[in-house]
Amino acid sequence: MYIVIAPRPAHGTNAPEQWDAITYVPGGQGTERSFTREQLPEFIKLVMSKNRSQIIRWTWDHTKNVYPMLLDAGVSVASCHDLFLVQRILRTAATRAQNKLSYTPQVVLAASEEPAGHLLPSAPAPGQDSLFETPDENNDQSPTARELMDELHAQLQAIASAPAPGRLSLLAAAESQGALIAAEMKHWGMPWNKSVHESMLAQKLGPRPAAYERPYELQKLAAVISQRLGAPNLNPDSPAHLLKAMQNAGMRVGSTRKWELLSWVEQAPHQEERYRREEIVTPILEYKKLYRLFTANGWAWLDAWVHNDRFYPAYEVGTAATGRWGAHGGGAMQIPKDVRHAVQAEDGMRLIVADAAQVEPRILAAMSGDRALAIAARGTDLYAGIAEIGERTGSPLASRSAAKIVMLGAMYGATTGDSGKLLPHFRKLFPQAMQFTEDAAAIGERGGQVITHLGRTSPAPDTAWFETQRDVFTAEAERRAKTLARSQGRFTRNFVVQGTAAEWALCWMGQIRKRLRSEKLFGFPLKTHLVYFLHDEVMLYGPERETKLCERIVKESAETAARMLFGEIPVDFPVSIVVTDNYAKAK
DNA sequence: AACAGTCGCGCG
DNA sequence: AAAGCGCGCGACTGTT
């Protein structure tokens, strides 16, 4: 059962905000009701308690426009249909001719911008969510419940007419469930010990500097670099200045990149020269590291993103072309390893950090049906599994490191280097897996679109791309066209695997959430929540007494997710779990 | 002064 | 150790 809810367009300025709810039963009669915003959470609670046995999909324009308000009012829903997110999936899917999927959006659903203040209120008052206080000047008319109902209808019809409706509707449900999870993660936040973070900053950078000033330790390093390069007043923050100064000092490097500086040191003709090079490169690299900490996760970041010892990750569900999540503001998905010390559990609480091992190669094994790769994927270390097979068959892929390099090369489309050279041996051992990725690449090189297991479609190249392929009048133009074609091929090659891995992860988290909501410990509902997500890793936070049960839930959900996608297949999806009081200890 | 492009680095 | 894929962000830089 679907219940569509939407705010009614306001006419009078002082009238209380009205919301409409329309019940949708396929083939049945829709019933319509109206509420003030204050009544809405109670209505939702009531409907859910009256219909415990059936799934109610709360349907709205976009989860992040509606759900935060409900969470603030203490209501969380089991399931939803996010029209915006599903619309985006269907729109792209309909651009691929082979899908033969007709879909015309009934309404334009614009993702609302974050409110201008963008910081979470330090003490969000129930019913006073800032999302609803920002006037929508740019987008004055949000769709009515009736319009959303039409859109839902169009989406459900499109899904039903798709080549694999079961898979696509699973994707719609998983994506929507992901939106609920993302909103909840932002609502609850993850524990972030501000004083741990601050003392780390003080220890590495010195005391907090005045605005627009360099911290003491950075200033000291800048002086050392300046002196050793013989470049007074050098500003190491500017790659251009730094590069010039390095070249003036006789360093034969083409950029200031870390790996290039390191390889320059490696190439020293003798030990004495090596020491000389290290003497200048070491402070430069140290400066870069600390500079990064200062600008990306320093005091300003703490001020902006951490309140009441909580960090509120701002996720964007499915914003990567492959369906992976992105993060907007706060860098939720780029928390450096060094900074994770600040993620500290409070008394009696535990972090459960779960990492799914080598998801993408396992997805490749499942999608391609490659039996040898499925055998390698048994157990917890797929790369070791490959090396074992390599050893037994006298292949050069007999070491774990070679196996890992060639595996990534096969999925990313490597052509040169160690990885490229080993690919023929990979093909010999895992012909079906290799064929699968090469087929995906070939489609991309022609300008075609590929799909994930559940039916997310890759975007087509733009018209400029096709023009470049068509207008190959010179050798130079032909070379350029080939380069672009190969690049598109690498994209589609990776898309199917990365995109399906993202679907697996959505199902994994969705299953975890479902069980956290429904299971009980000694008769009490669980207090543990999902608080963080990073592509193939999730973090749960809750009372210590619940960790045993939650560990089992996380592990079993990984296998459930695999079965939701692929049915009964002989590919394992093992998860490594660390229960800890500190995120930095998890890896 | 505002904007887009590039660099370099953080994460998977 | 990068390479081969997917991202976001902050700072600098050149252009308008």
Side-chain angles (χ1 to χ4, degrees), chain A residues 212 214 235-244 254-267 284-285 287-298 300-301 304-305 313-340 355-361 363-364 401 404-423 426 437-438 440-441 444 450 452 456 458-459 486-502 505 532-538 583 587:
Chain A
Y212 307 109
R214 269 195 199 121
N235 175 16
D237 303 350
S238 162
H241 288 179
L242 182 58
L243 181 62
K244 205 176 230 175
S255 77
T256 68
R257 289 186 183 90
K258 185 179 171 183
W259 68 265
E260 186 161 354
L261 299 186
L262 285 171
S263 92
W264 180 71
V265 171
E266 284 305 309
Q267 283 159 18
I284 292 174
L285 295 183
Y287 184 93
K288 282 164 168 284
K289 198 174 164 65
L290 292 181
Y291 176 71
R292 169 83 193 176
L293 173 66
F294 173 55
T295 56
N297 295 100
W301 182 87
W305 298 104
Y315 290 110
E316 298 281 350
V317 173
T319 48
T322 54
R324 273 188 171 186
W325 290 14
H328 182 252
M333 304 186 96
Q334 299 138 261
I335 299 171
K337 292 255 159 73
D338 293 350
V339 177
R340 297 180 182 183
D355 189 291
Q358 306 122 6
V359 176
E360 291 184 10
I363 293 291
L364 176 59
S401 60
K404 182 173 179 177
I405 285 169
V406 76
M407 184 75 243
L408 295 175
M411 292 188 301
Y412 294 161
T415 52
T416 59
D418 292 351
S419 181
K421 263 180 259 162
L422 290 172
L423 275 178
F426 182 86
T437 64
E438 286 182 339
V450 294
T452 60
R456 200 185 299 265
S458 71
R486 289 210 185 93
S487 170
Q488 185 66 18
R490 287 194 300 275
F491 169 61
T492 52
R493 174 198 294 261
N494 186 245
F495 181 94
V496 285
V497 174
Q498 186 184 114
T500 306
Y532 188 64
F533 171 58
L534 196 52
H535 306 311
D536 57 4
E537 179 182 324
V538 297
Y583 189 20
K587 245 189 194 171

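Quick note on labels: first sequence line is chain A, next is B, and so on, each numbered from 1. Below, all heavy atoms of this structure are taken into account, side chains as well, without hydrogens, waters or symmetry copies.
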_For a salt bridge (Lys or Arg N to Asp or Glu O under 4.0 Å) check, start with the C-alpha distance between A:Glu360 and A:Arg324, then their side-chain angles and the critical distance, and finish with the verdict._
CA-CA 13 Å; A:Glu360 291 184 10; A:Arg324 273 188 171 186; 3.4 Å; yes

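Direction change of the helix axis from one end of the helix from B:dA1-C:dT16 to B:dG12-C:dC5 to the other is 10°, with five pairs defining each end axis (rounded to 10°).
Whole-Å rounding puts the A:Arg493 CZ to C:dG6 P distance at 12 Å. To the nearest angstrom, P of C:dA2 lies 14 Å from CD of A:Gln267. Taking atom CD on A:Glu266 and atom P on C:dA2, their separation rounds to 12 Å, with Å as the unit. Between the C1' atom of B:dC7 and the OH atom of A:Tyr291 lies a distance of 11 Å, rounded to the nearest Å. Between A:Trp301 atom CH2 and C:dG8 atom P the separation is 18 Å, expressed in whole Å. The nearest whole Å value for the distance from the CZ atom in A:Phe491 to the C1' atom in C:dG6 is 9 Å. One can place CE of A:Met407 at 16 Å from P of C:dC5, the figure rounded to the nearest angstrom. In this structure, A:Tyr287 atom OH and C:dA11 atom P are separated by 11 Å, rounded to whole Å.
Using a 4.5 Å cut-off on side-chain heavy atoms (C-beta onward), A:Arg214 and A:Phe294 make no contact. Between A:Met333 and A:His535, some side-chain heavy-atom pair lies under the 4.5 Å cut-off. The shortest distance between side-chain heavy atoms of A:Leu262 and A:Leu285 falls below 4.5 Å. For the pair A:Lys289 and A:Asp338, the minimum side-chain heavy-atom distance is below 4.5 Å. For the pair A:Val496 and A:Thr452, the minimum side-chain heavy-atom distance is 4.5 Å or more. Residues A:Asp237 and A:Tyr287 form a side-chain contact, since some pair of their non-hydrogen atoms from C-beta on lies under 4.5 Å apart. Residues A:Asn297 and A:Pro336 form a side-chain contact, since some pair of their non-hydrogen atoms from C-beta on lies under 4.5 Å apart.
Of the possible donor and acceptor atoms, none in the side chain of A:Ser263 sits under 3.5 Å from a partner among the backbone N and O of A:Glu266. Side-chain atoms of A:Thr492 come within 3.5 Å of backbone N or O of A:Ala440 as a donor-acceptor pair.
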Protein-nucleotides 14-16 of chain C N/O pairs closer than 3.5 Å?
none

Under 3.5 Å, which protein N or O atoms sit close to an N or O of nucleotides 8-12 of chain B? Give each pair with its distance.
residue: B:dG8; atom: OP1; partner: A:Thr256; partner atom: N; Å: 3.2
residue: B:dG8; atom: OP1; partner: A:Thr256; partner atom: OG1; Å: 2.7
residue: B:dG8; atom: OP2; partner: A:Arg257; partner atom: NE; Å: 3.4
residue: B:dG8; atom: OP2; partner: A:Arg257; partner atom: NH1; Å: 3.4
residue: B:dG8; atom: OP2; partner: A:Arg257; partner atom: NH2; Å: 3.4
residue: B:dG8; atom: O3'; partner: A:Lys288; partner atom: NZ; Å: 3.1
residue: B:dC9; atom: OP1; partner: A:Lys288; partner atom: NZ; Å: 2.9
residue: B:dC9; atom: OP2; partner: A:Lys258; partner atom: N; Å: 3.3
residue: B:dC9; atom: O2; partner: A:Arg292; partner atom: NH1; Å: 3.2
residue: B:dG10; atom: O4'; partner: A:Arg292; partner atom: NE; Å: 3.2
residue: B:dG10; atom: O4'; partner: A:Arg292; partner atom: NH2; Å: 3.1
residue: B:dG10; atom: N2; partner: A:Gln334; partner atom: NE2; Å: 3.2
residue: B:dC11; atom: OP1; partner: A:Lys337; partner atom: N; Å: 3.0
residue: B:dC11; atom: O3'; partner: A:Arg340; partner atom: NH2; Å: 3.3
residue: B:dG12; atom: O3'; partner: A:Asp536; partner atom: OD1; Å: 2.7
residue: B:dG12; atom: O3'; partner: A:Asp536; partner atom: OD2; Å: 2.9
residue: B:dG12; atom: N2; partner: A:Arg324; partner atom: NH1; Å: 3.3
residue: B:dG12; atom: N3; partner: A:Arg324; partner atom: NH1; Å: 3.1

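For A:Asp418, the listed nucleotide lying nearest its side chain is C:dA2; candidates were C:dA2, C:dC7, C:dG4. The nucleotide whose nearest atom lies closest to any side-chain atom of A:Ile405 is, among C:dC12, C:dA3, C:dA11, C:dA3.
The aromatic rings of A:Trp325 and A:Phe533 sit perpendicular, their planes meeting at an angle over 60°, well past the 30° parallel limit.
Against the 90° criterion about 0, the sugar-base torsion of C:dG4 places it in the syn range.
Counting heavy atoms of neighbouring residues, nucleotides and ligands inside a 6.0 Å radius, atom NZ of A:Lys288 exceeds 12 of them.
Both A:Thr295 and A:Ala320 lie near DNA chain C, and the one whose nearest nucleotide falls closer to the 5' end is A:Ala320. With DNA chain C read from its 5' end, the first of the two nearest nucleotides for A:Thr319 and A:Ser487 is the one closest to A:Ser487.
Among the heavy atoms of the strands lying under 4.0 Å from A:Ala321 are primed sugar atoms or P, OP1, OP2 only; no base atom is included. Contact annotation for A:Ala502: no contact, since no heavy-atom pair falls under 4.0 Å across all strands. Within the nucleic acid shown, A:Phe495 has no heavy atom closer than 4.0 Å to any nucleic acid atom.
Contact check, A:Ser238 against C:dT13: a side-chain N or O comes under 4.0 Å of OP1 or OP2.
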